[in-house]
Amino acid sequence: MAYCGKGADVATSNKKGWLNGMRFTRNRRGFIALIIFGALFVLSLGAEFLANDRPLIVRYKNNFYFPVFKNYSELLFDGEFDINADYRDPYIIEKINADGWMLMPPIAFSYNTINYDLPSPAPSPPTPANILGTDDSGRDVAARLIYGFRISVLFGFILTIICSIIGVTLGALQGYYGGLFDLVFQRFIEVWAGMPTLFILIILSSIIEPTFWWLLAINLLFGWMGLVGMVRAEFLRARNFEYVLAARAMGMSHARIIFLHILPNALGPALSQFPFILAGSITILTSLDFLGFGLPVGSPSLGELLKQAKANLQAPWLGVSVFTVLAVSLALLVWTGEAIRDAFDPRSRAR
């Protein structure tokens with residue numbers, strides 16, 4: 001029984017990773033979907049530069065200021081009060097334009113900016129100033145969509161990463177050690193998975209004042225189970241392979257065998273589920289916000305916009321806008337997940 005050591009495992013893992021990457025790029029729909037979703041997410045990270053009620057740059061009396069990064073008193077622009085300058089105030093605009101200029105973002109509203117110069121009562125239809133209209137509080141829909149998309153994806157990413165780490169670790173321990181530990185923990189998972197997750201999330205969210213991190217912690221209670229069974233099955237299959245038995249015979253520690261020799265080969269199926277888990281995490285936050293148990297009132301939220309669309313059927317731009325963002329985002333994630341799943345599918349390798 002021969003064992004070539006860590007170098008052979010790393011070389012084999014690198015070769016498999018390269019071949020899986022080639023198979024992924026051949027799936028044009030999934031590859032393009034990943035690029036588009038990544039580009040949208042990167043753009044949303046700079047939401048303050050796309051939608052903001054503060055200028056990106058102000059040039060006043062031959063000096064440059066950057067209100068997008070820092071608050072400035074209106075006394076700096078020859079105003080009358082020592083308060084933060086309101087760059088939508090006609091008086092401040094006139095003062096700046098009299099001896100300089102300012103560059104506003106493409107959307108001159110932040111997610112909480114109220115437009116008091118609406119042509120009709122809020123929610124108002126799309127206009128050149130509000131390209132997707134306003135909600136029932138007079139806030140720009142396009143700005144709230146950008147900020148809401150960012151916070152939803154960030155929430156989904158953090159939840160997916162932490163859940164994946166917990167699920168992969170527990171599944172690896174179950175599959176590797178087996179026996180009584182596997183039996184007891186599997187029964188616990190069956191009981192825990194049988195609980196009404198959404199109702200428990202609603203109850204906990206109604207008891208505790210919801211914040212981003214509280215919602216994340218509450219969703220972690222149930223989100224970690226998705227990958228346990230898959231990783232457990234891979235470890236149950238691989239723990240009796242020859243190279244694993246050889247490593248044990250050489251006296252290698254269990255932790256080294258688990259994380260350096262079995263886990264890299266078992267991560268393929270787990271990675272293929274990452275986009276689907278991310279899509280589910282975004283949907284969970286949207287559902288809680290829609291039901292009123294999500295982020296604090298006033299936070300940019302896709303679910304809150306859906307709730308407004310339901311309450312204002314006479315304003316179809318609300319529903320159409322948020323539905324388009326959700327549908328496109330989830331479709332891109334599903335197509336990416338299908339491409340990753342096919343890349344790790346043995347049947348596609350044979351083809």
Side-chain angles (χ1 to χ4, degrees), residues 36 38-155 157 211-213 295-302 304-305 308 315 317-318 321-322 325:
I36 294 175
L40 293 175
F41 177 58
V42 170
L43 287 175
S44 71
L45 291 178
E48 286 79 8
F49 300 95
L50 298 176
N52 207 330
D53 54 4
R54 299 182 178 191
L56 302 177
I57 304 174
V58 173
R59 186 179 186 275
Y60 187 70
K61 293 183 178 179
N62 297 324
N63 294 315
F64 287 93
Y65 304 95
F66 302 92
V68 70
F69 296 111
K70 182 180 178 181
N71 291 322
Y72 295 102
S73 171
E74 70 173 44
L75 295 178
L76 187 65
F77 307 110
D78 295 332
E80 297 181 356
F81 303 102
D82 188 13
I83 58 176
N84 292 334
D86 180 5
Y87 301 96
R88 297 186 55 81
D89 186 351
Y91 177 75
I92 298 299
I93 295 175
E94 181 182 357
K95 287 289 186 180
I96 293 176
N97 290 334
D99 201 359
W101 50 267
M102 61 181 181
L103 176 64
M104 294 295 292
I107 300 175
F109 301 92
S110 186
Y111 68 90
N112 56 357
T113 305
I114 299 176
N115 188 357
Y116 294 100
D117 298 324
L118 296 175
S120 60
S124 64
T127 62
N130 304 105
I131 56 176
L132 294 180
T134 65
D135 62 5
D136 55 9
S137 298
R139 298 169 297 191
D140 187 77
V141 172
R144 291 187 68 79
L145 284 176
I146 295 173
Y147 284 87
F149 176 79
R150 179 176 68 176
I151 197 171
S152 296
V153 177
L154 285 175
F155 179 88
F157 266 126
T211 63
F212 180 91
W213 298 109
L295 296 171
V297 177
S299 301
S301 165
L302 300 180
E304 192 262 345
L305 275 176
Q308 288 200 34
W317 55 88
L318 292 174
S321 300
V322 68
V325 171

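Numbers here are sequence positions counted from 1. Heavy atoms only: backbone and side chains are in, while hydrogens, waters and symmetry mates are out.
- With contacts defined as side-chain heavy-atom distances shorter than 4.5 Å, the pair R88/T113 qualifies.
- Between F77 and V58 the shortest side-chain heavy-atom distance falls below 4.5 Å.
- Across all their heavy atoms, G138 and L118 have their closest contact at CA-CD1, 4.1 Å.
- Between V68 and E48, the shortest heavy-atom contact is CG2-O, 3.8 Å.
- Note that CD1 of I96 is 5.0 Å distant from CE of M102, once rounded to the nearest 0.5 Å.
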Evaluate the criterion side-chain hydrogen bond (donor to acceptor under 3.5 Å, both in side chains) for residue pair D82 and S73; output intermediate values, then yes/no. CA-CA 6 Å; D82 188 13; S73 171; 2.9 Å; yes
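- Remark: D78 engages K61 in a salt bridge, criterion side-chain N to carboxylate O under 4.0 Å.
- Residue L145 holds its CG atom at 6.0 Å from OG of S321, rounded to the nearest 0.5 Å.
- Atom CD1 of I151 sits about 11.0 Å away from atom OG of S44, to the nearest 0.5 Å.
- Here the closest non-hydrogen pair linking L154 and F212 is C-CZ, 4.4 Å.
- What you find for L43 and L50 is that their closest heavy atoms are O-CD1, 3.4 Å.
- Of all heavy-atom pairs between F49 and F69, the closest is CZ-CZ, 3.5 Å.
- P126 is not listed as a side-chain neighbour of L132, based on a closest heavy-atom distance of 4.5 Å or more.
- R144 contributes a side-chain N or O that, together with a main-chain N or O of S299, makes up a donor-acceptor pair within less than 3.5 Å.
- With W317 contributing its side chain and S124 its backbone, the two residues share a donor-acceptor pair below 3.5 Å.
- With rounding to the nearest 0.5 Å, the separation of CD1 in I146 from CG in L40 is 10.5 Å.
- Side-chain atoms of R139 do not come within 3.5 Å of backbone N or O of N112 as any donor-acceptor pair.
- Using a 4.5 Å heavy-atom threshold, the side chains of I57 and W101 count as touching.
- Here I92 contributes atom CD1 and Y87 contributes atom OH; the two are 8.5 Å apart, rounded to the nearest 0.5 Å.
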Check against side chain to side chain contact (heavy atoms under 4.5 Å, CB included), E304 and V297: CA-CA 9 Å; E304 192 262 345; V297 177; over 6 Å; no
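- Remark: E74 does not engage K95 in a salt bridge, criterion side-chain N to carboxylate O under 4.0 Å.
- Between the side chain of S152 and the backbone N or O of G148 there is at least one donor-acceptor pair closer than 3.5 Å.
- Across all their heavy atoms, P105 and L56 have their closest contact at CG-CD2, 3.9 Å.
- Taking OG of S137 as the start and CG of N115 as the end, the distance is 12.5 Å to the nearest 0.5 Å.
- Counting heavy atoms from C-beta outward, N130 and V141 have side chains that stay 4.5 Å or more apart.
- With hydrogens and angles disregarded, a donor-acceptor distance shorter than 3.5 Å links the side chain of Y72 to the backbone of F66.
- Between Y147 and Y111, the two ring planes are tilted [angle within 30° to 60°].
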